[in-house]
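As structure tokens, the structure follows; a few thoughts come after it.
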Amino acid sequence: MITSSNPYNGPDSGGHFGPYGGRYVPEVLMNPLDELEQAYAAARQDPAFHAELAGLLKDYAGRPTPLYFAKRLSEKLGGAKIYIKREDLLHTGAHKINNALGQILLARRMGKQRIIAETGAGQHGVATATVCALFGMKCVIYMGEEDMRRQRLNVFRMRLLGATVTGVTSGSRTLKDAISEAMRDWVTNVGDTHYLLGSALGSHPYPMMVRDFHSCMGIEARAQILEKEGRLPDQVIACVGGGSNAIGIFHAFIPDAGVRLVGVEAGGRSLAPGEHAARFAGGSPGVLQGCYSYVLQNGDGQISLTHSVSAGLDYAMIGPEHAFLADQGRAEYVPCSDADALEAAQVLARTEGLIPALESAHGVHEALRRAPDAKGQIFIVNLSGRGDKDIDIYRENLKELDEPESN
Amino acid sequence: MNPSRISQLFARCRAENEPALIAYITAGDPSLERTVSLVEAMERGGADLIELGVPFSDPIADGPVIMRATERALANGASLAGVLEVARQVRKRSQIPMLLFSYLNPLLKYGFEKLAADAVAAGIDGILMTDASVEEAGKFVPVVRAAGLDTVFLAAPTSPIERLKRVAEFSSGFIYLVSRTGVTGVQDQVSGSAAELVEKMRTVTDLPLAVGFGIAKASDAGEVAKIADGVVVGSALVRIIESFAGLPELESRLEEFTRELKEGARAGRA
């Protein structure tokens, strides 16, 4: 599933990417994590597992996704050639289904009957509810009440798929609080329950496993660009919340030293504390929810509140492999403000007819910013999800388009 | 090095066939100043060891009662430095053993070298890190031990014997056995898995064993005292603090409830 020549092919046996990652959980979860790690290691060696997953990814989810040359956008910017990896075309509308399918097969191998998951924007919740319906498993999704409000459509989709959506009222009522609540459920029901974690976060083996299940994005994109252009791209750009779509598309390119890997974090309203979720612009290493990585925290080690217009990027910690890649200088991370993401979404919509998810719009903005000065370069931007789920937020923020008279 | 206050406590308890009552309190709820007098009330009621809970913004192992206490404490400005100050105030007047009970991140941010020194100076006797497996926390144990502090780790019903051995190896003072899977909080009866865990743990260590999670009333304390050296009560005490916060009878109510628990534990040994 991943190339053996990759020098960054971590983590170590304890789940560490350099100093990051690991397992920082109460003792009661240590053995369940060991069992999960062993089950995943066995599945990884099993051709039947790969064959079943490949079949589902192809016929059910819609892989491979196209790599689309955004000709009008590239011409408009007058610099780099911009290619778009079309994860937005996948079933359920975002990349999250790759990992959900992988983990549901693993849960079935482990004999689990009940699936729990957290969700921020609702895309992982919808993907999880979808695979649970497909495999006839009981499904409980934890979602912060603030996120339920701003992603109402996805709440309804999950319920339509037969899942129970449980609102979380603690903390900032967003993704972080949903993860805590899912962990509390898991710690209580470890016997029959699999926690289908949706980002490259948490305790080992999750960051590695989620990355592996998403690595198909980078593997496909690398082959596709070689076929279309006969050479590797200069930059690969993706938004980063926990970091699953970014690590998924980065991973195959890591050994290609000439390819710049660019992660785009939520710059929110400003880079003042509490106004953003840019972990490399104000965060420092710490422990949250089972993992050691860059996290936004105060001087007492309390985790900071975060803000982003996009629920999927609104999280205080970045996945541990990204922390490692940043330390190594192999990937770079930049913030993008709410306003810039909204602007980029409109540009992409009007130039290419693609309405991106707000998360993905952060990556699009960085491509728009870099492209004019990058004549002769090739960019790949991961369009990790489509914008249907965000229509209400676009309407709230683009009121001039929502008047009866507007055209 | 002299035996620690924690080791001395359990040695005395074993010699006298006395169950140790271990009382958890979220420091800073309702305020840091009040925590000092609440600790003293619990000591008067018969608590033998105090777990001073350091509030953390994301308490993944805690149920609703301690989550709410944590939110109140943080809203009132509690910090690790403030919790150490509580310990210093208690230590001026009491020799009761105190265990710092914390999620890892506030300790990491404070820095382990500095924490170990400051905790000893404040009269703390040991540290328990809720979300630190022996694999990850092992590196901090030498620093903490070198300062003369005990390191207490959790053992769980899900831990196979190899893990229990490692938990015992990294622990000193006593070992905290989690009676059941799940988060902290009261429940109708003490889990049957506790006895099995105690038995398994006894095969790998002679350290004192305390059992916690879900112990809500005197009769529960008695059940646990039959099988373990110590009985840990947390949420049930915090619930009293929540109910009577702001009222002058808070201390007397807490003292009274602590006494019931202690007598219940003793009855279990009779």
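A, B, ... follow the sequence lines: proteins, then strands. Residue 1 opens every chain. Every value quoted in this text rests on a predicted model; they were computed, and no experiment measured them.
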Residue pair A:R23, B:E135: steps toward the side-chain contact (heavy atoms from CB on, under 4.5 Å) verdict: CA-CA 8 Å; A:R23 276 184 186 165; B:E135 282 82 351; over 6 Å; no
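- Interface check for chain B: of the options A:P32, A:G14, A:G290, A:G299, the most heavy-atom pairs under 4.5 Å are formed by A:G299.
- Of the listed residues (B:P106, B:A156, B:S57), the greatest number of heavy-atom pairs within a distance under 4.5 Å of chain A belongs to B:S57.
- Using a 4.5 Å cut-off between heavy atoms, B:L107 does not touch chain A at all.
- Neither the backbone nor the side chain of A:E35 comes within less than 4.5 Å of any heavy atom of chain B.
- The minimum heavy-atom distance between A:V187 and B:T181, with the atom names listed, is O-CB, 3.2 Å.
- A:S170 contributes atom OG, which lies 6.5 Å from atom CD of B:E71 (distance to the nearest 0.5 angstrom).
- Heavy atoms of A:V28 lying under 4.5 Å from chain B belong to its backbone as well as its side chain.
- For B:L154, the parts lying near chain A are the backbone and the side chain together; criterion is any non-hydrogen pair under 4.5 Å.
- Side-chain contact between A:N31 and B:S159: absent, with no pair of heavy atoms (C-beta onward) separated by less than 4.5 Å.
- For chain B, no part of A:D185 is nearby; none of its heavy atoms comes within less than 4.5 Å.
- Few gaps surround CG on A:D192; more than 12 heavy atoms of other groups in view lie less than 6.0 Å from it.
- Here CD1 of B:I60 is found 8.0 Å from CG of A:L288. Values are rounded to the nearest 0.5 Å.
- Among B:V178, B:T130, B:V134, the residue with the largest count of heavy-atom pairs under 4.5 Å with chain A is B:T130.
- Contact annotation for B:Y110: neither backbone nor side-chain heavy atoms come within less than 4.5 Å of a heavy atom of chain A.
- Around atom CD of B:E196, no more than 12 heavy atoms belonging to other residues, nucleotides or ligands sit under 6.0 Å away.
- Between B:D58 and the options A:V287, A:V295, A:I179, A:I303, a side-chain contact (heavy atoms from CB on, under 4.5 Å) holds for only A:I303.
- Note that the CD atom of B:E136 and the CE atom of A:M30 stand 7.0 Å from one another [nearest 0.5 Å].
- Atoms CD and OH, from A:Q289 and B:Y103 in turn, are 11.0 Å apart once rounded to the nearest 0.5 Å.
- Heavy atoms of B:P59 lying under 4.5 Å from chain A belong to its backbone as well as its side chain.
- B:A155 touches chain A through its backbone: at least one of N, CA, C or O sits under 4.5 Å from a heavy atom, while the side chain does not.
- With B:S79 contributing its side chain and A:D300 its backbone, the two residues share no donor-acceptor pair below 3.5 Å.
- Proximity to chain B is absent for every atom of A:S304, based on heavy atoms less than 4.5 angstrom apart.
- Surrounding NZ of A:K138 are at most 12 heavy atoms belonging to other residues, nucleotides or ligands under 6.0 Å away.
- With B:N105 contributing its side chain and A:G301 its backbone, the two residues share a donor-acceptor pair below 3.5 Å.
- Distance alone, capped at 3.5 Å, places no donor-acceptor pair between the A:E27 side chain and the B:L164 backbone.
- Residue with the most contacts toward chain A among B:A81, B:P64, B:S133: B:S133 (heavy-atom pairs, distance under 4.5 Å).
- For the set B:A61, B:P160, B:A132, the entry with the most heavy-atom pairs within less than 4.5 Å of chain A is B:P160.
- Taking CE of B:M67 as the reference point, atom CZ of A:R184 lies at 3.5 Å (rounded to 0.5 Å).
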